[in-house]
**Student:** 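Got a structure for you, written out below as structure tokens; questions coming shortly.
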Amino acid sequence: MSDLVAPKGTFDVLPPDSARFLAVRETLTAPLRRAGYGYVETPVFEDTAVFARGVGESTDVVSKEMYSFTDKGGRSLTLRPELTAGLMRAFIEHRLYAGALPVKLWSVGSAFRYERPQAGRYRHFTQVDVEALGVDDPALDAELVALADQGYRDLGLTDYELQLTSLGDATCRPQYRELLTDFLSRLDLDEDTRRRAQINPLRVLDDKRPDVQAQLVDAPLMVDHLSDTTRAHYDAVRQHLTDLGVSWVEAPRLVRGLDYYTKTTFEFVHHRLGSQSGIGGGGRYDGLSAALGGPDVSGIGYAVGVDRTILAVQAEGLDIAVEPGVQAFVVPLGAQAKSLAVTIVGQLRAAGVSADTVYGDRGLKGAMKAADRSGAGQVVVIGDRDLAAGVGQLKTMATGEQVAVPLGELVDRVRATVLP
RNA sequence: GUGGGUGUAGCUCAGCUGGUAGAGCGCCAGGUUGUGAUCCUGGAUGUCGCGGGUUCAAGUCCCGUCACUCACCCCA
């Protein structure tokens, strides 16, 4: 084998599995298009400052997981570790905030983080990203959450839950943070955790270790210390979700690793995925636009991990999008028939029928085997004997029946049989 | 960054206490010089992850290394 392999933590998506990848991406994004969200593409790399200022210097993502490099012009660029900051940068750069609000956008694409690979965690992964910018309305929070949920349900997923909480805002979070810091300072924690408590005390709350959790049972929770406006916002979001028929569980210890989240915060957790169980998540962010030099507007968004969602689909045994193959196949015998076969295949395709033929030297048996594998229901066999008679043999694979059809009528006949 | 497991054919894996590499599936061909999916027969494909050591002899034992994988951490 060659010593050239896909980089650590990356993988290739190949047929037939790639059909599942396309189908999942399509199903997850269809609800967004139905809800009036517009498609956006932004660069895969951005000025490093977009993420440093947007995602937050204190986050693990920025402080140790970014693929940053200096280009030949001396610019510091970074492969995007998530899509939200780049979309927000575009929102500001093109002054979309000056138009009708909210601005509803979606995107899908690659993101990169330098992490230790694990089940469901890759250095290159694909996210569907959705943002509704410029309006702070709990109904909009609920819409986004419901759209994410709809995507999962359309895939047939059932063994997951929506975890929901509120992270407060600029007025109540600092107060709560002090309370929590004070509480944590009295606990018996290892040095790593202590350091984490200083950088972002909220993150200690979702530590998975039992001994840590045991100490946290009496920890103060953000939801108990929300300001009146934040409380009202959160209550309204939950009421809207109920009205939309979306179920959730309260997750007062839910934390997000990105600094910009405020108020509504949520995560979809799948139950059969091992430790990387979050298949999507997001929340509202009040400070992100301003942090990137834009106007002080609020926004809400979420990201769905396409790769993890595929793992969830497989874990639930949902057989999505088996490769359909082609509808028709042409088997030529001899050089003369071969050029006719190429022509017929071209005509079939132009007529909207998916079709294929054999390439390379194959005997009839091998060619029929290829026809079988192609999934074609209708197979045209043309040999010298048929050419002399001016016909092709049209075979229905399921029944084995075969009839002679005049060459001039073959394409129409196949199309009539195959297309509704 | 820390810890556990695993590396043998395209895939899934077997290979006992060291004796010179196998099965099933898949692929190709023949049986059927004009017919697939079944059946029968045959064939191709391996630096046994890599490097070093012990030994007459290493897939097997020892050391190192890399990769994959799972968990912590982190998060989609």
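If you're wondering where the values come from, they're calculated on a predicted model, not measured in any experiment. Proteins get letters first, then strands, A, B, ... in listed order; numbering begins at 1 in each. In what follows, every heavy atom counts, from backbone to side chain, and hydrogens, waters and symmetry copies are set aside.
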**Student:** Quick one: are A:Phe266 and A:Asp141 in side-chain contact, heavy atoms under 4.5 Å?
**Tutor:**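 No - every pair of side-chain heavy atoms lies 4.5 Å or more apart.
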**Student:** Just how far, in rounded Å, is P of B:rU2 from NZ of A:Lys64?
**Tutor:**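 Roughly 12 Å, once rounded to whole Å.
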**Student:** For the backbone of A:Gly383 and the side chain of A:Asp386, can you confirm whether one donor and one acceptor N or O come within less than 3.5 Å of each other?
**Tutor:**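 Checked: pair present.
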**Student:** Determine the interatomic distance between P on B:rA14 and the same-named atom on B:rA58; round to the nearest Å.
**Tutor:**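 That atom pair is separated by 24 Å.
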**Student:** Rounded to whole angstroms, how far apart are NZ on A:Lys369 and C1' on B:rC27?
**Tutor:**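 Taking NZ of A:Lys369 and C1' of B:rC27, I get 8 Å after rounding.
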**Student:** Between atom NE2 in A:His124 and atom C1' in B:rC75, what is the gap in whole Å?
**Tutor:**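 Those two atoms, NE2 and C1', are 16 Å apart.
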**Student:** Check every atom of B:rA37, B:rG34, B:rC73 against the side chain of A:Asp207 and return the nucleotide holding the closest atom.
**Tutor:**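 So the side chain of A:Asp207 is nearest to B:rC73.
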**Student:** Write down the distance between CG (A:Leu83) and P (B:rC75), rounded to a whole number of angstrom.
**Tutor:**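 Atom CG in A:Leu83 sits about 16 Å away from atom P in B:rC75.
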**Student:** For atom P, what is the distance between B:rG7 and B:rC13, given to the nearest Å?
**Tutor:**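 Straight-line distance between the two P atoms is 10 Å.
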**Student:** Below 30° counts as parallel, above 60° as perpendicular, anything between as tilted: where do the rings of A:Trp106 and A:Tyr39 land?
**Tutor:**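 Ring orientation, 0 to 90° scale: tilted.
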**Student:** Is it true that A:Asp412 and A:Arg415 have a side-chain N and a carboxylate O under 4.0 angstrom from each other?
**Tutor:**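 Yes, this pair counts.
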**Student:** Determine the Euclidean distance between corresponding P atoms of B:rU47 and B:rC11; express it in Å to zero decimal places.
**Tutor:**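 It works out to 11 Å between them.
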**Student:** Using a cut-off of 4.0 Å on non-hydrogen atoms, how would the nucleic acid contact of A:Gly120 be classed: base, sugar-phosphate, or nothing?
**Tutor:**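 Touches a base.
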**Student:** Heavy atoms only, 4.0 Å cut-off, all strands: where does A:Phe268 land among base, sugar-phosphate and nothing?
**Tutor:**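 No contact.
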**Student:** Let's test your reading of the model: under 3.5 Å, does the base of B:rG31 pair with the side chain of A:Lys365 as donor and acceptor?
**Tutor:**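 Counting by modelled atom types and ignoring angles, a donor-acceptor contact under 3.5 Å is found here.
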**Student:** Salt-bridged, A:Asp137 to A:Arg284, with N to O below 4.0 Å?
**Tutor:**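 A:Arg284 and A:Asp137: not salt-bridged.
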**Student:** Could you give the distance separating B:rA9 and B:rA23 at their P atoms, to the nearest angstrom?
**Tutor:**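 Comparing P positions in B:rA23 and B:rA9 gives a spacing of 14 Å.
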**Student:** If you look at every strand shown and take non-hydrogen atoms under 4.0 Å, does A:Leu364 touch a base, only sugar-phosphate, or nothing?
**Tutor:**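 Contact class for A:Leu364: base.
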**Student:** Using heavy-atom distances to pick each residue's nearest nucleotide on RNA chain B, tell me which of A:Ser275 and A:Thr399 is more 5'.
**Tutor:**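 Going by which nucleotide is closer to the 5' end, it is A:Thr399.
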**Student:** Which value, in whole Å, describes the distance between the C1' atoms of nucleotides B:rG26 and B:rA37?
**Tutor:**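 Result for the C1' pair: 15 Å, nearest Å.
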**Student:** Are A:Thr309 and B:rA76 close enough that a side-chain N or O sits under 4.0 Å from OP1 or OP2?
**Tutor:**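 Checking B:rA76 against A:Thr309, no side-chain N or O comes under 4.0 Å of OP1 or OP2.
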**Student:** Can we say A:Asp136 and A:Lys263 salt-bridge, meaning some charged N sits less than 4.0 Å from an Asp/Glu carboxylate O?
**Tutor:**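 Salt bridge present between A:Asp136 and A:Lys263.
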**Student:** Would you write out the dot-bracket form of RNA chain B, 5' to 3', with Watson-Crick and G-U pairs under 3.5 Å, [ ] for crossing pairs, | for pairs to other strands and . for unpaired bases?
**Tutor:** (((((((..((((.....[..)))).(((((.......))))).....(((((..]....))))))))))))....
**Student:** Just checking A:Asp386: base, sugar-phosphate only, or nothing, at a heavy-atom cut-off of under 4.0 Å?
**Tutor:**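 Base: the residue A:Asp386, judged by heavy atoms under 4.0 Å, touches a nucleobase.
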**Student:** Taking 4.0 Å as the cut-off, does a side-chain nitrogen or oxygen of A:Gln118 come that near to OP1 or OP2 on B:rC72?
**Tutor:**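 Checking B:rC72 against A:Gln118, a side-chain N or O does come within under 4.0 Å of OP1 or OP2.
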**Student:** By the 4.0 Å heavy-atom rule, please label A:Ala119 as base, sugar-phosphate, or nothing.
**Tutor:**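 Sugar-phosphate, no base atom in range.
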**Student:** Once you round it to whole Å, what is the distance between P of B:rA37 and CZ of A:Phe329?
**Tutor:**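 It works out to 14 Å between those atoms.
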**Student:** With heavy atoms under 4.0 Å as the rule, sort A:Gly9 into base, sugar-phosphate or nothing.
**Tutor:**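 Sugar-phosphate contact only - A:Gly9 comes under 4.0 Å of backbone atoms but never of a base.
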**Student:** Please work out if A:Arg203 contacts a base, only the sugar-phosphate, or nothing of the nucleic acid, heavy-atom cut-off 4.0 Å.
**Tutor:**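 Answer is sugar-phosphate: A:Arg203 comes under 4.0 Å of backbone atoms only.
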**Student:** Under 4.0 angstrom, heavy atoms only, what part of the nucleic acid is A:Glu65 near: base, sugar-phosphate, or nothing?
**Tutor:**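 Contact class for A:Glu65: sugar-phosphate only.
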**Student:** Answer yes or no: side-chain N or O of A:Gln276 and base N or O of B:rA71 forming a donor-acceptor pair under 3.5 Å.
**Tutor:**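 Per atom types, no contact qualifies.
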**Student:** Classify the nucleic acid contact of A:Arg116 as base, sugar-phosphate or nothing, counting any heavy atom under 4.0 Å across all strands shown.
**Tutor:**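 It contacts base atoms.
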**Student:** Does A:Glu267 pair with A:Arg256 as a salt bridge, N-O distance under 4.0 Å?
**Tutor:**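 Yes, charged N to carboxylate O under 4.0 Å.
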**Student:** How close or far is atom C1' of B:rC73 from atom CD1 of A:Ile199, stated in whole angstroms?
**Tutor:**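 These atoms are roughly 13 Å apart.
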**Student:** Please confirm whether the backbone N or O of A:Asp182 pairs with a side-chain atom of A:Ser185, one donor and one acceptor, at under 3.5 Å?
**Tutor:**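 Indeed, once roles are kept as given, a pair shorter than 3.5 Å links the two residues.
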**Student:** So, is A:Arg373 close to the B:rC28 phosphate, meaning a side-chain N or O under 4.0 Å from OP1 or OP2?
**Tutor:**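 So the side-chain polar atoms of A:Arg373 do come within 4.0 Å of the phosphate oxygens OP1 or OP2 of B:rC28, strictly under.
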**Student:** Would you tell me if any nitrogen or oxygen in the side chain of A:Arg121 comes within less than 4.0 Å of OP1 or OP2 on B:rC70?
**Tutor:**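 For B:rC70, OP1/OP2 do not have a side-chain N/O of A:Arg121 under 4.0 Å.
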**Student:** Give the rounded distance in Å between these two atoms: NE2 of A:His270 and C1' of B:rC75.
**Tutor:**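 Rounding to the nearest Å, NE2 of A:His270 and C1' of B:rC75 are 17 Å apart.
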**Student:** Checking the side chain of A:Gln127 only, and the main-chain atoms of A:Glu82 only, is there a donor and an acceptor separated by less than 3.5 Å?
**Tutor:**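 Pair absent, no side-chain N/O of A:Gln127 close to backbone of A:Glu82.
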**Student:** Using whole Å, report how far CG of A:Asp307 lies from C1' of B:rC75.
**Tutor:**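 Between C1' of B:rC75 and CG of A:Asp307: 13 Å.
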**Student:** Less than 4.0 Å between a side-chain N and a carboxylate O, is that true for A:Asp154 and A:Arg34?
**Tutor:**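 A:Asp154 and A:Arg34: salt-bridged.
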**Student:** Counting only side-chain heavy atoms from C-beta out, which of B:rU69, B:rC75, B:rU35 sits nearest to A:Arg113?
**Tutor:**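 Among the listed nucleotides, the one closest to the side chain of A:Arg113 is B:rC75.
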**Student:** Which is true for A:Gln393 with a 4.0 Å heavy-atom rule: it touches a base, it touches only sugar-phosphate, or it touches nothing?
**Tutor:**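 Base, at least one base heavy atom under 4.0 Å.
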**Student:** Under 3.5 Å, is there an N or O donor on one side and an acceptor on the other linking the side chain of A:Arg196 and the base of B:rC74?
**Tutor:**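 No, no donor-acceptor pair under 3.5 Å.
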**Student:** If you measure from the C1' atom in B:rU65 to the same atom in B:rG30, how many Å do you get, rounded?
**Tutor:**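 Pairwise C1' distance, B:rU65 against B:rG30, rounds to 47 Å.
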**Student:** Distance between the P atoms of B:rG42 and B:rG49, in whole angstroms?
**Tutor:**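 Those two atoms are separated by 30 Å.
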**Student:** Does OP1 or OP2 of B:rC68 have a side-chain N or O of A:Lys8 closer than 4.0 Å?
**Tutor:**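 Indeed, a polar side-chain atom of A:Lys8 lies that close.
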**Student:** Expressed as a whole number of Å, how far does the C1' atom of B:rC48 sit from that of B:rA21?
**Tutor:**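 It comes out at 8 Å once rounded to the nearest Å.
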